[in-house]
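To keep things clear, I will list the structure first and then write my remarks on it.
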Amino acid sequence: MNRNKILYSGAIILAVTLIAALLVALVLYSIGASPLATYKTILTGPLSDLFGVTEVLVRSVPLMLVALGIAISFRSGILNIGAEGQIQMGVIASTAMALAMPHAPKAILLPAALMAGALAGALWGGIAGWLKAKLQVNEILSTVMLNYIAAQVYTFMLRGPMLDPNELETGSGTPQSMRLPEMAFLDTLVPGTRIHMGLILALVAALLVWMLLWKTTLGYRMRTAGAGAKAARYAGIPVERYLIVAMLMAGGFAGLAGAVEVSGVHHRAIEGISSGYGFAGIVVALFGALHPGGIVPSAVFFGILLIGADMTQRSASVPANMVLVLQGVIILSIVSAQSFLRNPYAQERFFRWFARFSASARKAGKGAQS
Amino acid sequence: MTALEPISELKLEGITKRFPGVLACDGISLQVRRGEVLALVGENGAGKTTLMNIIMGLYRPDSGTIHVNGEEVHFHSPGDAYARGIGMVHQHFMLVPNMTVAENLALGLKELHHFMNLDIKGAAKRIREVSERYELPVNPDAYIWQLSVGEQQRVELVKTLCLGARLLILDEPTSALTPQETDDLIVRLQRMASELAIIFISHKLNEVKALSDRVSILRHGAVVFNGQTANHEPSELAALMTGHDVVLPRNEGSGVQGEALLSVQNLCVRGDRGNLVLDGLNLELRAGEVLGMAGVSGNGQREFADALAGLRPVESGQILFGGKDLANCTPREIIHAGMGYVPEDRQTEGIVPSFSVKDNLILKDFAEPRFSKMAFLRKKEIDSNAEALKERFDIRCPSTSTATGSLSGGNIQKVILAREISRGPKALVAVYPTRGIDMGAQEFIHEQLLARRREGIGILLISEELEEVMNLSDRIAVIYKGKILKVLPAVEATRERLGILMAGLADPDTPGDAQAEVPAGAAHE
Ligand SMILES: Nc1ncnc2c1ncn2[C@@H]1O[C@H](COP(=O)(O)OP(=O)(O)O)[C@@H](O)[C@H]1O
Ligand SMILES: [Mg+2]
């Protein structure tokens, strides 16, 4: 019975991916690109050398962290669309923290910078959680609005208080902060590449989130609040409190992702640092079935897509934004697939079809043998 | 969507349907003709719904044939079934709540869809015709969310008839209805029966007796009995349905009733619309008794139960429990005080449907040292707890890791009861504990409640089934318009007397009560 369910879900997910790929192929075709060549570049290009592989992993780190937070919030019954803003707040806070203590030793400075980022993100997410818990403000609205505010704050900080004084002197005016002290950098894992300790951090985080959600009483409370708010109330679980906790955590992970991008990759706050990780993280989380065990591979997969899209832009002159189209199509496909997964009649049809298919395949196999 | 010729006979032969691991239908043969009501009874999981879904073309049988008017048919979708005049009202209504009745009908009627334009007026007209012809009053312009469950049921019937059905399949149409709504539905169906063929699914045998001409009993997917309803007693049918003699347990009286356990004084509580729904309610529950609360639903039972669970603010008054006032305490505090609770809506209030059986069994105790250590859940303990309770409460599930929401109503209720009882409460509030549950499970639940009573737990049983209240209670309190009208010993209660009290009329046996709405304090002994 369980094996059948897995078979069915697997088939549906495969079908979803194929349909999404097909739809995007249509779009590619319509802009005059060759779908086959594009897919080939996207999927094989990034993995053709060590540098490509490490770049994929560099991209997957923030995706993983954001998606873990998204999974916590979705599982607790609150839809966090605000990771993008939470990342930016994390970037500002961690940069400020690192720049404020330029002479501190690494053992203090690096954790302090990362913590500051997580804390800022947590607060930014917590606002939406608090609004939902206390005033029943729809979290989708509030998180989207908070994204706008965060974007404005971010731009203001980079062009104003945090602007690198060098930029003013040289007059180039690139809106970016001063470079962080080296004591605030995350170490590089493979010399000559950009892959950094953040990857280890993200993998450990995935393990911790899994333990939190499925092994602890706190996780049990949060999942109960998310999966059956009414039953949770009858069982004495204060659902509202866990909405806030969930948003604090989700925001914290997004903020941490921002901090990791600063200390691990860019070493300063720059404009466009998040490059859409906040939204891509939602897709990663859904594609990974809101489970850390699914999110890790899913983040790597989307890392491949992001790098691959860059490559096609260069080699096949397909705009890298095609990845956004692909993401959108995948989300739509997942959501529609879920209604299929739940429909018992569709399941029954599938098995009927599958049974007939495998029977005829067996017959054909026998025929070939004799 | 007009039928080729009006359906006069449906015949199933040897229908077999296997799901992975279950034989849902096992060579079933049935027959219905126009002008006839066939009752199909069987416990939860007997295969009734699956069989009906096969008739409607939602599932395909593994083997067997379906004949309409003597001609073999193969339906691929409900549309095909409707084309031959067969329609079904599902157990769970399929109406869009934020649309009107007419809009809901228009959704299903292709001929009303003209290019870019939906003929809502046409739909409303159809509804009026049908509702007049079959005496099923519905207002085409009402929004579904405004309607009571009974009215929605009527809309489903009208919709099905408008779509051209002349053979109606009703899958447990009464399981969500109040007794009053049920009586009303049965009367209407009786009137309609002469022109239609009806397959009526239920596990309440009094309904079957009242409505059907013939009855077929399904057990484990096979027909075990076919017969004329009039020739068989309900007890005989019940035994065939469950496979053993069913004797619903009764409270034998005796028993030592202890001191007052729960004392509710002058309780005032507001309803969802802000009006005072409970207006000075007084009630006392003693240890070791079952106190039945009878009343037509909507007289404040729901609000009373909510207030007892700590989920609805108390305006004024007290809920004294073990010397402590629980009014306006949090659910957590009330649970810790030793109150057990079986909520009205088991699917959403009693369990988290997507959680496994074992996770639902610790819903209230996961943080206790027994199930957790330093904020970590103790998986072994949780597993063994679930296995033990599964055994003790006869919870029928493939495994304790199964999603609880996929179990039948009776088994979900057993999960809830197992959780609440195993916590060792001092008092237990059970709200409509057997609504829509089959006889076997009902028998079991009743036995459990009576066994707890013997152990000295005080049980408040809120129910609208008079049978249940009279069978189980030591004393019966009648609630009417937010007050307790009368508390009487169960031995003095009769159906008639309770019925009169529930209607808010003076109690015929106490000539002193001149007026119906005596102050609750005075009516309370
Ligand atoms: N889609 C399905 N997949 C697997 N098993 C099913 C499915 N639908 C029903 N069953 C199983 O078939 C049996 C009959 O179910 P059902 O027809 O719903 O019973 P009833 O309506 O008489 O309560 C049950 O054991 C149920 O678990
Ligand atoms: Mg059923």
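Here is how names work: the chains are called A, B, and so on, in the same order as the sequence lines, proteins then strands, and each is numbered from 1.
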>> Within a 6.0 Å radius of atom NE2 on A/His291, are there more than 12 heavy atoms belonging to other residues, nucleotides or ligands?
In response: yes

>> Checking an interface table here. Which of residues 123-142 of chain A come within a heavy-atom distance under 4.5 Å of chain B?
In response: none

> Heavy atoms under 4.5 Å from chain B: which residues of residues 205-222 of chain A carry them?
Replying inline: A/Met211, A/Trp214, A/Lys215, A/Thr216, A/Thr217, A/Tyr220, A/Arg221

For the interface with chain A, which of [options] has the highest count of heavy-atom pairs at distances below 4.5 Å?
options                                : answer
B/Asp62, B/Asp306, B/Asp345, B/Asp359  : B/Asp359
B/Ile351, B/Asp365, B/Ile335, B/Thr348 : B/Thr348
B/Lys364, B/Arg60, B/Arg332            : B/Arg60
B/Phe371, B/Tyr341, B/Phe19            : B/Tyr341

>> As an exercise: rank A/Pro238, A/Ala235, A/Gly228 by heavy-atom pairs under 4.5 Å with chain B and give me the winner.
In response: A/Ala235

Shortest non-hydrogen contact between [X] and [Y], atoms and distance:
X        : Y        : result
B/Pro331 : A/Gly236 : CB-CA, 3.8 Å
B/Leu311 : A/Arg233 : CD2-CB, 3.8 Å
A/Ala227 : B/Val352 : CB-CG1, 3.5 Å

Proximity breakdown for [X] and chain A, heavy-atom pairs closer than 4.5 Å:
X        : answer
B/Lys373 : neither
B/Phe355 : side chain
B/Ile334 : neither

> Are A/Tyr234 and B/Val342 close enough, and set up right, to give a side-chain contact (heavy atoms from CB on, under 4.5 Å), and what steps lead you there?
Replying inline: CA-CA 10 Å; A/Tyr234 274 91; B/Val342 178; over 6 Å; no

> Roughly how far, to the nearest 0.5 Å, is the CG atom of B/Asn360 from the OG1 atom of A/Thr224?
Replying inline: 8.5 Å

